[in-house]
Amino acid sequence: MNDIVVELELAEARDEEALANAIEAYAVWREESFVDAGNDSEAPDIMVKTLLFDDIIQKKLIFQDRKGADKFLSIWSRISETASA
């Protein structure tokens with residue numbers, strides 16, 4: 001199985017807060033949808049790596065499957081739009 005990598009650039013402090021909120025919302029979704037279905041795997045569903053390039057923070061989020069990555073991107077789109085408004 002191949003991991004799915006999502007790369008995000010966080011240029012402002014509010015982006016960092018939006019990412020934390022998106023990860024929290026994703027964790028809630030994962031718990032509700034996977035635990036209720038009897039999938040209580042102890043393997044991490046998401047890993048986050050942080051890189052810094054010329055004062056821009058880049059986050060690499062690594063998911064185990066496409067479904068998780070797609071759900072996170074949906075959550076991120078909603079939260080990041082609200083944060084930048």
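Start at 1 with the first residue, then count along the sequence.
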Q: Show your reasoning for whether side chain to side chain contact (heavy atoms under 4.5 Å, CB included) applies to I57 and T50.
A: CA-CA 7 Å; I57 297 172; T50 303; 3.8 Å; yes
Q: Search all heavy atoms of L61 against all heavy atoms of L8 and return the closest pair with its distance.
A: CD1-CD1, 3.9 Å
Q: Grab the two heavy atoms, one from I79 and one from A25, that are nearest each other, plus how far apart they are.
A: CD1-CB, 4.4 Å
Q: Not counting sequence neighbours, which residues clear side-chain contact (heavy atoms from CB on, under 4.5 Å) with D70? List them please.
A: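 If we apply the side-chain contact (heavy atoms from CB on, under 4.5 Å) test to D70, skipping adjacent residues, the hits are R66.
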Atom pair [atom1] ([X]) and [atom2] ([Y]), whose distance is rounded to the nearest 0.5 Å:
| X | Y | atom1 | atom2 | result |
| --- | --- | --- | --- | --- |
| I56 | E9 | CD1 | CD | 5.5 Å |
| L73 | S80 | CG | OG | 9.5 Å |
| L19 | W76 | CG | CH2 | 5.0 Å |
| W29 | S74 | CH2 | OG | 10.0 Å |

Q) Does any pair with a residue in residues 3-23 pass ring pair (Phe, Tyr, Trp, His ring centres under 6.0 Å), and if so which ones, sequence neighbours excluded? A) none
Tell me, do [X] and [Y] make a side-chain contact under 4.5 Å, heavy atoms counted?
| X | Y | result |
| --- | --- | --- |
| V5 | F63 | no |
| I62 | V48 | no |
| K60 | Q58 | yes |

Q. Can you hop from V6 to F53 via hydrophobic side chains spaced under 4.5 Å?
A. no
**Q.** Pairs meeting criterion salt bridge (Lys or Arg N to Asp or Glu O under 4.0 Å) with involvement of residues 15-27, two or more places apart
**A.**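 Sorted pair list: E16-K59.
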